[in-house]
Visitor: 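Here you go, one structure.
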Protein chains: 2
Amino acid sequence: MALIVQKFGGTSVGTVERIQQVAEKVKKFRENGDDIVVVVSAMSGETNRLIELAKQVSDDQPVPRELDVMISTGEQVTIALLAMALIKRGVPAVSYTGNQVRILTDNSHTKARILQIDDAKIRADLKAGRVVVVAGFQGVDEQGNITTLGRGGSDTTGVALAAALKADECQIYTDVDGVYTTDPRVVPKAQRLDKITFEEMLEMASLGSKVLQIRSVEFAGKYNVPLRVLHSFQEGPGTLITLDEEESMEQPIISGIAFNRDEAKLTIRGVPDIPGVAFKILGPISAANIEVDMIVQNVAHDNTTDFTFTVHRNDYQAAMAVLENTARELGAREVIGDTNIAKVSIVGVGMRSHAGVASRMFEALAKETINIQMISTSEIKVSVVIEEKYLELAVRALHTAFDLDAPARQAE
Amino acid sequence: MALIVQKFGGTSVGTVERIQQVAEKVKKFRENGDDIVVVVSAMSGETNRLIELAKQVSDDQPVPRELDVMISTGEQVTIALLAMALIKRGVPAVSYTGNQVRILTDNSHTKARILQIDDAKIRADLKAGRVVVVAGFQGVDEQGNITTLGRGGSDTTGVALAAALKADECQIYTDVDGVYTTDPRVVPKAQRLDKITFEEMLEMASLGSKVLQIRSVEFAGKYNVPLRVLHSFQEGPGTLITLDEEESMEQPIISGIAFNRDEAKLTIRGVPDIPGVAFKILGPISAANIEVDMIVQNVAHDNTTDFTFTVHRNDYQAAMAVLENTARELGAREVIGDTNIAKVSIVGVGMRSHAGVASRMFEALAKETINIQMISTSEIKVSVVIEEKYLELAVRALHTAFDLDAPARQAE
C-alpha cells in the first residue's frame, strides 16, 4: 500500500465528464489499496475568465491581493466537484482549499512561495479512509490572506504535499504520456523515456520542453520526491523523474534534445577591451528588466572585442535600444541583431563520465553543414545557437547521432 | 460620522458595470465621512450556475459540505471585484470571505446559522481608513469547514455584521426604492413607507412582500439594528425599519396590505367532535412535512364539526391524499378542497391601540360583496381568505378604506 499524490491540471478537469473520468481513475487506485491525495487545478479557461473580469474593473491592473482572492475560486470549484464525483462513486472524500489544509506561503501575492504545510488534517483523513482533494496553486499567508503560487503552481502544490507527507510518488497527469527524447512533432522517431534525473529534467524544461514546471522539478529534486509524468486518460507507465543516475548499465549518454525558437541574438562590435566592459554592456540590459541567456565574448584583437548575447524575442526591441545607447557611450563600432536564430541543446547526466560529447555534437552538425553561431556548456548540457531554418534538421541529426531514434516499427 | 453596513444583492452586482456603480456609491458615502462595511452576494446567476455544475456530477444530490465549498466561491469573486473597483477609484479597500472575517456558524451545511462574528479585523481596517468588503451568505464552522446560510443569507450577513459592529444603520440595497403600502402593480396608488416597525415588516414579508428575507428582519429586530431598504441605483430615502412605534402622532392604523395566491384550502366535514381531533387531523399532515398556515374549526353541532386549513399550493395534492386517509379513519363525512383562493391581510402596529379595525376591514369587503371564507388574526394583523378572482378588488378597496392611497398627483 502506497501513499500517492496525484495532480490533475486544468485540461484534465476541464469538463464535468473529465472530472468524472478522474474520479474513476482515483477510485481504481483506492481499490488497489493506495492512499490517495489529489491536487487539482481550475477547470481550463476558468482562471483566464476570472483574470479578464478582474482587468475589467481595474484598468488592467488588478490589485494582487484581491486578484488572489478571486482566481483562487477556480480551484475551489474543482475540488468540490471532484469530491462530489468521488462520493457519488462510493469513495469517501473531502476537499480542502489551500487555506484549509493549511498551505502556508509568503505574502508575495500572485507568485507566493510555499513555506510550510500542516499535514495533520490530511493524515487524519487518510487514516479514516478518505481520499483528500486539495486545491492546487493556492495557499494562505501568516495574516490569513489568500495567496496564489503563479501559473503552474498546482504542480508545485502536488510536489510540496508529497514532500510534507513523505509520499511514495507524486504523479503529474498531463496531456502527454511522458517525457520524450525530443519533440515528436519534429522527430517522429522520438522515444518516451522510462526514467530521467531531476537535473536532466530541469535542463529539458528550461530549454523549452513544457511537460513540467521548472519550479516543481526543483522542489521535487530538493526534497527527493519521485515524480512521475503520466497521461490523464491513457494507460501507461509514463516517465519517472528521480535522483538516481546510475542504475542502468546501458544508460545512454544523452537523455534528450531540447530546443527553442524564443530567443534573439544581439552583438556589439569593436568595444574597447577594458576591464568591466561586460558589466557596462549587460548592466543597463538588466536594469531594463531584460533577462539574458547565452553570453559570448570573443578574444580581443586591436584592443577591441566583440560581445554577443541572447534575450527572449519579446525583449529584442527593448534590448536593442538599450544596447545602441551603450554602444554610443562606449564608442563601440556597431550593434547588430538577429531574430532568425534557434537554440538546440543536448542534455544528459551521462556527459559527466563520457568525454567528447560536445565534439560528437559539432561533428553531427558539421555533416549537415549547419553553422554554429554560439556555444554554451554546463555540466550536463551543451547548447548551440544556429540559424533558425536549420532547427528541425539539426534536432533530427543529433537524435540519430546520439542513438536516440526508436527502433523501426512494423507498419501500423 | 456614522458606521454603515451596506448590502448589495446579486442583481446590484450582476455585471462589471454595476459593480463599478456600486463602487461609486460607496465612494460617495466615504467622502461624507462615513465608515463603510459592504456585504455582497454572488453576481446574479452565478450561484445557480454552480449548483447546476454540482448536480451534474452528483446525480442531482450534491454532498452539502462540498456544495458549500463550491457555491461560496460566488461571493468570493464579487468581494474581490468590488475591492478592486474601489481601490481603482482611490478608496482603500480590503475584501474578506466569511472564513476570513471570521463568521462562525453551526455546521448545518447549506442552511447554517451565524453563531458569532469576530469583528477585530474589520474594526482595525475601518480604523485604518479602509472600506471593508465582506462576502455575504457564507461562514465557517468550528472545524474550519465552509458553510452557507441558504438563499437570502446575504441580508442576514449584513444584519449580523451591523449588530456585531453596533453599526448606526444596515442598508439593504434592492431593485425597489422601499417598502410599499401594498404591491403597486395591483394598486397604482400604493405609497412608499418612510418607516415601518420590525414586527410589521415581518408580517408583510411572511405574507408575500418579498423585499427582505424574514430571517434578516427577525435578526435585525432581535438586536435592534436599524434596517433601511433602498434602491441600488436610484437616489431616495428608502424605508427605515426600526423598533420605534410611537414617534409620529399621525401614524396610520394600518401600514400595509399584504396578499398572496400561494395557498390552497382543505376542509374535512362531519368529523366526530371528540377531544384531540385537531391533532388527529393535522398530525399526519405535519408528519408528511407539509406546513399548515390558517386553521379554522367550526362550532360543533350534532356532535360533529367541520375543520378547515390552508397549505401551500405545491403541497395541495399531497395534503389532500393524507386528509382523505384521515377522513376514512375518523369516519368523517367528506373532504373538499379549493385552490382558487387568495389571502389578503392588513398589517399595522396601530391596531393595538385602535378598536374596530377588523370590522372596518369586513365592512370594506362587504361593500364590494366579497365573501370571506376564513378569518385569522394576530396582534398586528388581520387575514382573510377570499375567492381568488376578487383579490385585486379587495386589495384596492382596503387600501382606500384605510386611507393608504397616495394623494392625487399632477399628470406626469
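Letters A, B, ... are given to chains in the order of the sequence lines, protein chains preceding strands, and every chain is numbered from 1. Because the structure is predicted, anything quoted here is derived from the model rather than measured.
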Visitor: What are the residues of residues 56-79 of chain A, in order of number, with any heavy atom under 4.5 angstrom from a heavy atom of chain B?
Guide: A:Gln56, A:Val57, A:Ser58, A:Asp59, A:Pro62, A:Val63, A:Arg65, A:Glu66, A:Leu67, A:Val69, A:Met70, A:Ser72, A:Thr73, A:Gln76, A:Val77, A:Ile79
Visitor: For the interface with chain A, which of B:Leu81, B:Ile146, B:Asn145, B:Val140 has the highest count of heavy-atom pairs at distances below 4.5 Å?
Guide: B:Leu81
Visitor: Under 4.5 Å, heavy atom to heavy atom: which of residues 83-114 of chain B reach chain A? Give them by number, or say none.
Guide: B:Ala83, B:Met84, B:Ala85, B:Ile87, B:Lys88, B:Ala93, B:Val94, B:Ser95, B:Tyr96, B:Thr97, B:Asn99, B:Gln100
Visitor: What parts of residues 119-139 of chain A touch chain B if we use heavy atoms and a cut-off under 4.5 Å?
Guide: A:Lys121
Visitor: Take a 6.0 Å sphere around OH of B:Tyr223 and say whether it holds more than 12 heavy atoms from other residues, nucleotides or ligands.
Guide: no
Visitor: Examine whether an atom of A:Leu82 lies under 4.5 Å from a heavy atom of chain B, and if so say whether it belongs to the side chain, the backbone or both; otherwise answer neither.
Guide: neither
Visitor: Can you tell me if CD on A:Glu235 sees more than 12 non-hydrogen neighbours from other groups inside 6.0 Å?
Guide: no
Visitor: At a heavy-atom distance under 4.5 Å, which candidate from B:Leu50, B:Val16, B:Leu53 has the highest pair count against chain A?
Guide: B:Val16
Visitor: So if I take each residue of residues 32-41 of chain B and look for any heavy atom under 4.5 Å from a heavy atom in chain A, which residues do I end up with?
Guide: none
